[in-house]
Peer 1: 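Below is the structure I would like to discuss, written out as structure tokens.
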Amino acid sequence: MNVFITKPIPDVGIKLMEDAGYLVAIHNETEPLPQDKLIEKCQQYDALISAGFNKIDAHFLQKCKHLKVVSLFSVGYDSVDIDAATRLKIPVGNTPDVLSRATADVAFLLMLAVSRKAFFNYKKILDGKWDGFEPVANLGQELYGKTLGVFGLGNIGFEMAKKCKAAFDMKIIYHNRKPNGHAEAALDAKYVSFEELLQQSDVLTLHANFTEETKGIFNKDAFSKMKRNAIFINTGRGGLHNEVDLKEALHAGIIWGAGLDVTNPEPMDKNNPLLFMPNVCVLPHIGSATLEARDGMAMLAAKNVIAAFKGERLPTIVNPEVYD
Ligand SMILES: NC(=O)C1=CN([C@@H]2O[C@H](COP(=O)(O)OP(=O)(O)OC[C@H]3O[C@@H](n4cnc5c(N)ncnc54)[C@H](O)[C@@H]3O)[C@@H](O)[C@H]2O)C=CC1
Ligand SMILES: O=C(O)C(=O)CO
């Protein structure tokens, strides 16, 4: 049995598969494989570890008839046509939990950075524009006791809410596909409608899956309902917000600021106006980029492959219907 990995991943995962007797090949070049070449390549393999959000659609899966498993090096599975994989009886694995705290750390970091205009002020030093202490310039806003709105209160949303409650005694409201009893009991979180979430949040943080339903849900209409002091944080997926509408809302002062770890497209163009706005902080999709989280992801991705090769259920399966 052999495995193809689209980008280098931490050694612990590779070792696990090699120790189990499987042959591992890694695409180790700076340039990612173009889609047609990737499809061609995967036709020779029994398992794919997708470590770069490669688009795995029905055409891809139909062409790669040998694939016994698609193992994602991510918790998000929006890059895969899950229905097609299920139809073709291909199990898809992902990497939940091990990256929740790391990703919530980045959401928290962005919230603080935006509230104190940290990136903009740092750039001022680099540009030689720091003229000394200013009593009425560079003023941010404090977070203590404010309301955190969580859009998508799953694993990462919970970790973000927990941090905000502990650090700033923030009031937690959330909108989810279904109520989260654990968060309500542990954090006194309150379920609200999407409209209420927009209207009441001082900080609105996005942690929902990217789907047809959530695509572009943060648009002109949504921003217009938010508070003028609101800070918008997206560590979910860039496609959850409409970038043109976000720029307009920030520019016109409809909302106060934004912190983004994800953009659409990625990478973001280095001349994108968002990068130069005083009330915006952007990071290059580093939510899960800690040694600990990435090792955990590599282990899970490898365990999913090994389970599939043994004919067992994947430890973290996205499409359990495949076993029906
Ligand atoms: N920036 C980064 O590096 C990272 C980004 N992510 C993103 O974060 C997302 C969330 O990850 P987890 O918390 O582990 O997933 P999760 O599955 O634990 O939580 C997702 C939550 O979103 C909710 N949701 C889905 N559709 C919704 C809708 N239409 N309206 C309201 N809520 C909805 C679900 O009910 C669930 O509670 C991933 O799908 C991925 O896109 C994940 C890891 C790292
Ligand atoms: O896991 C994910 O979905 C990411 O975006 C990167 O860890």
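Each ligand, and each atom within it, is numbered from 1 in the order the structure gives.
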Peer 1: Consider ligand 1: state whether an atom of it lies below 4.0 angstrom from any non-hydrogen atom of Ser288.
Peer 2: yes
Peer 1: Under 4.0 Å from ligand 1, counting heavy atoms only, is it the side chain of Thr211, its backbone, both or neither?
Peer 2: neither
Peer 1: Tell me, which protein residue and heavy-atom name are nearest atom 1 (O) of ligand 2, and how many Å apart are they?
Peer 2: Val75 N, 2.7 Å
Peer 1: Looking only at heavy atoms, is any part of Thr214 under 4.0 Å from ligand 1, and if so is it the side chain, the backbone, or both, or is it neither?
Peer 2: side chain
Peer 1: Could you say whether the N/O atoms of Asn176 and ligand 1 ever approach to under 3.5 Å?
Peer 2: yes
Peer 1: Is Lys15 salt-bridged to Asp11, going by a charged N under 4.0 Å from an acidic O?
Peer 2: no
Peer 1: Just distances here: any N/O of Gly157 and N/O of ligand 1 closer than 3.5 Å?
Peer 2: no
Peer 1: Would you kindly specify which portion of Asn209 sits under 4.0 Å from ligand 1, judged on non-hydrogen atoms: side chain, backbone, both or neither?
Peer 2: both
Peer 1: Could you tell me whether a side-chain N or O of Lys65 sits under 3.5 Å from a main-chain N or O of Gln62, the two making a donor and an acceptor?
Peer 2: yes
Peer 1: Check this for me - ligand 1, Thr235, N or O atoms closer than 3.5 angstrom, yes or no?
Peer 2: yes
Peer 1: Specify whether the nearest protein heavy atom to atom 41 (O) of ligand 1 is under 4.0 angstrom away.
Peer 2: yes
Peer 1: Any idea which part of Asn155 is under 4.0 Å from ligand 1, heavy-atom wise: side chain, backbone, both or neither?
Peer 2: both
Peer 1: Please check if any side-chain donor atom of Asn229 sits under 3.5 Å from a side-chain acceptor atom of Asp202, or the reverse.
Peer 2: yes
Peer 1: I need the nearest protein heavy-atom contact for atom 10 (C) of ligand 1: residue, atom name and distance, please.
Peer 2: His207 O, 3.2 Å
Peer 1: Under 4.0 Å, heavy atoms only, figure out whether ligand 1 is touched by the backbone of Val75, its side chain, both or neither.
Peer 2: side chain
Peer 1: Who gets closest to atom 22 (O) of ligand 1 by heavy atom: Ala208, Pro179, Gly239?
Peer 2: Ala208
Peer 1: Taking non-hydrogen atoms only, is Tyr77 closer than 4.0 angstrom to ligand 1 via side chain, backbone, both or neither?
Peer 2: neither
Peer 1: May I ask you to decide if the ring planes of Tyr191 and Tyr174 are parallel, tilted or perpendicular, using 30° and 60° as cut-offs?
Peer 2: perpendicular
Peer 1: So, 4.0 Å and heavy atoms of Phe73: is ligand 2 close enough to count as a contact?
Peer 2: no
Peer 1: Looking at ligand 1, does Phe151 have a heavy atom less than 4.0 Å from it?
Peer 2: yes
Peer 1: So, 4.0 Å and heavy atoms of Pro96: is ligand 1 close enough to count as a contact?
Peer 2: no
